[in-house]
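To start, the structure itself, in structure tokens.
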Amino acid sequence: MTSILETAVRIEISETDFDVNAELSKMRVGRADIGAICSFIGLVREANLGSRVSSMTLEHYPGMTEKTLRNIVAEASQRWPLQAVTVIHRVGKLLAADNIVLVLVASAHRQAAFAACEYVMDFLKTDAPFWKQESTENGVHWVDARVSDTAALQRWNQN
Amino acid sequence: MTSILETAVRIEISETDFDVNAELSKMRVGRADIGAICSFIGLVREANLGSRVSSMTLEHYPGMTEKTLRNIVAEASQRWPLQAVTVIHRVGKLLAADNIVLVLVASAHRQAAFAACEYVMDFLKTDAPFWKQESTENGVHWVDARVSDTAALQRWNQN
Amino acid sequence: MITILFFASLREALGVNREQFDCKLSSVTDVASLIEALRGRSAAFSEALAPTRNWRVAVNQEIANTNTPIASGDEVAFFPPVTGG
Amino acid sequence: MITILFFASLREALGVNREQFDCKLSSVTDVASLIEALRGRSAAFSEALAPTRNWRVAVNQEIANTNTPIASGDEVAFFPPVTGG
């Protein structure tokens with residue numbers, strides 16, 4: 001099992017959009033040992049619980065956010081043999097269909113890449129200090145945390 | 001549960017490389033209902049079982065390949081609520097670090113996107129008629145199928 | 001002195017995002033005593049930080065609980081359950 | 001007539017990738033009888049399509065087995081276990 005020291009980690013909180021191709025290139029440059037890259041993109045859905053979301057504002061806790069994401073990636077690197085991990089999360093105002101978050105996980109093997117990418121997303125959802133405020137036709141409101149996100153963590157205790 | 005008829009499916013067998021950003025754009029154009037896109041990229045690893053792979057030639061069974069991939073995507077669409085699926089697999093000569101395969105799965109929810117993307121890759125590995133011939137310093141040889149790829153299917157019987 | 005931060009709906013309900021707080025003046029030694037001191041300020045604070053409300057607390061950017069000790073120089077943050085991703 | 005296809009290591013071992021085959025001349029009615037007819041041709045065919053060898057067979061582009069019936073117009077393919085992805 002590789003440790004976090006051997007895994008190339010990139011964490012970024014950004015008001016601007018990310019470029020998936022550019023992030024893939026950064027991760028891959030100069031190496032021919034990667035067999036699999038699993039990526040996840042989270043997007044702003046226009047429809048959420050029956051209301052039409054026109055925009056969303058993402059707030060976070062600078063410092064704790066990066067620390068939390070680094071810890072999550074370090075845990076994943078202990079569980080699976082990872083080669084590189086990139087996590088980019090946007091903050092500020094986002095519109096429907098905009099990108100919110102990008103997670104890229106590279107490994108020699110596909111199962112490790114899939115599992116670690118989903119692990120990072122699951123813990124990002126429950127532990128990383130981001131908060132969403134949605135603007136809908138019914139006004140502005142803070143998004144409630146979902147029980148299903150906490151439930152999703154259960155599977156990682158079984159390994 | 002959506003059916004295959006409601007899922008936008010793109011299957012391509014190509015001698016040329018794919019552009020992840022372009023494929024993401026095609027999948028996303030004109031829609032704001034996607035919440036999650038899970039993607040998988042398989043790459044040519046330079047080191048494989050101790051030999052150094054300089055290049056690889058991928059052969060396939062035209063017709064059966066596309067049919068098989070469509071069936072796999074249709075099965076995934078029955079299991080999870082998917083919005084769009086893209087599968088691009090390269091054939092011909094590939095070099096170390098080149099892209100081999102791209103799978104993109106869009107869904108309103110991340111767990112469906114992750115599960116369906118891994119499902120498609122697992123069945124692509126065991127059912128889609130592609131064959132790899134590697135060139136290493138020890139000569140040219142056909143890659144052996146791996147028992148671990150067949151074993152990976154077991155999980156999908158448990159649901 | 002400690003730094004107290006409030007985020008998201010808590011920040012809005014309390015009308016403050018950051019303040020400096022003198023632990024010694026209020027005999028604050030842990031999260032529980034800090035909350036007691038803050039809740040005594042106003043109805044808004046009492047309501048927002050009530051034990052029945054679903055807030056989270058972090059001390060020095062790590063998730064904490066009411067038993068977590070607090071000392072001068074610490075950064076304490078209160079916020080609702082997170083909703084990123 | 002049926003079309004027979006060979007892929008990858010089977011194609012290389014047999015030196016043929018595609019052929020037309022007359023089912024009636026050889027009384028071929030299913031995959032088993034087709035294999036019997038093909039194996040009778042040469043040591044290379046006998047060896048490559050031996051039951052102990054790990055080949056796969058598809059009829060009309062769907063995975064089949066030795067019991068699968070074959071009729072005129074069908075496309076039958078033999079190949080090793082797949083290794084894509």
Side-chain angles (χ1 to χ4, degrees), chain A residues 17-25 27-48 52-54 83 95-111 113-122 124-125 146 148-149 151-152 155, chain B residues 17-25 27-48 52-54 83 95-111 113-122 124-125 146 148-149 151-152 155:
Chain A
D17 198 8
F18 46 79
D19 178 328
V20 179
N21 275 357
E23 294 303 327
L24 285 168
S25 294
M27 176 171 269
R28 294 170 65 161
V29 67
R31 60 194 303 171
D33 58 341
I34 299 175
I37 299 176
C38 180
S39 82
F40 179 84
I41 301 170
L43 297 85
V44 180
R45 289 171 61 207
E46 187 175 59
N48 201 7
R52 195 166 167 284
V53 177
S54 55
Q83 295 169 325
L95 304 177
D98 276 358
N99 290 325
I100 302 174
V101 60
L102 173 69
V103 178
L104 298 178
V105 176
S107 175
H109 302 289
R110 79 179 184 284
Q111 277 136 352
F114 272 115
C117 190
E118 191 161 15
Y119 178 97
V120 169
M121 273 308 303
D122 279 359
L124 182 155
K125 280 268 181 187
R146 292 192 305 181
S148 62
D149 287 328
R155 93 184 81 176
Chain B
D17 199 9
F18 47 78
D19 178 327
V20 179
N21 275 357
E23 295 303 327
L24 285 167
S25 294
M27 176 171 270
R28 295 170 64 161
V29 66
R31 60 193 303 171
D33 57 342
I34 298 174
I37 299 175
C38 180
S39 82
F40 180 83
I41 302 170
L43 299 83
V44 180
R45 289 171 61 206
E46 187 175 58
N48 200 6
R52 196 166 168 282
V53 177
S54 54
Q83 295 170 324
L95 304 178
D98 275 359
N99 291 324
I100 302 173
V101 60
L102 173 69
V103 177
L104 298 178
V105 176
S107 175
H109 303 289
R110 80 180 184 283
Q111 276 136 352
F114 271 115
C117 190
E118 192 162 15
Y119 178 96
V120 169
M121 272 308 302
D122 278 359
L124 182 155
K125 280 268 182 187
R146 293 192 305 182
S148 62
D149 286 329
R155 94 184 82 177

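Below, chains carry the letters A, B, ... as their sequence lines are ordered, and counting in each starts from 1.
- One distance of note links CG of A:Asn21 with CG of B:Asn21; it measures 3.5 Å at 0.5 Å rounding.
- Here A:Cys117 is the residue among A:Ala22, A:Ala96, A:Cys117 with the most heavy-atom pairs under 4.5 Å with chain B.
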**OP:** For B:Arg31 and A:Leu43, run side-chain contact (heavy atoms from CB on, under 4.5 Å): C-alpha distance rounded to whole Å, both residues' side-chain angles, the deciding distance at 0.1 Å, then the answer.
**Re:** CA-CA 11 Å; B:Arg31 60 193 303 171; A:Leu43 297 85; over 6 Å; no
**OP:** Report the C-alpha distance between A:Gln111 and B:Met121 in whole Å, list the side-chain angles of each, state the deciding distance to 0.1 Å, and finish with yes or no for side-chain contact (heavy atoms from CB on, under 4.5 Å).
**Re:** CA-CA 10 Å; A:Gln111 277 136 352; B:Met121 272 308 302; over 6 Å; no
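- Contact of A:Asp33 with chain B is made through the backbone alone, with heavy-atom distances under 4.5 Å.
- With rounding to the nearest 0.5 Å, the separation of CD1 in A:Ile37 from CG in B:Leu102 is 10.5 Å.
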Subject >> Test side-chain contact (heavy atoms from CB on, under 4.5 Å) applied to A:Asn99 and B:Arg28, step by step >> reply: CA-CA 11 Å; A:Asn99 290 325; B:Arg28 295 170 64 161; 2.6 Å; yes
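- For a residue to count as touching a neighbouring chain, one of its non-hydrogen atoms must lie under 4.5 Å from one of that chain's; by this rule B:Leu24 touches chain A with the side chain only.
- For B:Arg110, the parts lying near chain A are the backbone and the side chain together; criterion is any non-hydrogen pair under 4.5 Å.
- Taking the ring centroids of A:Phe114 and B:Phe114, they lie at or beyond the 6.0 Å cut-off.
- With a 4.5 angstrom heavy-atom cutoff, A:Val44 touches chain B only via backbone atoms.
- Within the 4.5 angstrom heavy-atom criterion, atoms from both the backbone and the side chain of B:Ala152 approach chain A.
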Subject >> Chi angles and distances behind the side-chain contact (heavy atoms from CB on, under 4.5 Å) call for B:Cys38, A:Ser39 >> reply: CA-CA 6 Å; B:Cys38 180; A:Ser39 82; over 6 Å; no
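- Listed options A:Ala113, A:Ala108, A:Gly42 were ranked by heavy-atom pairs under 4.5 angstrom with chain B; first place goes to A:Ala108.
- For chain A, the nearby parts of B:Asp122 are the backbone and the side chain; heavy atoms of each come within less than 4.5 Å.
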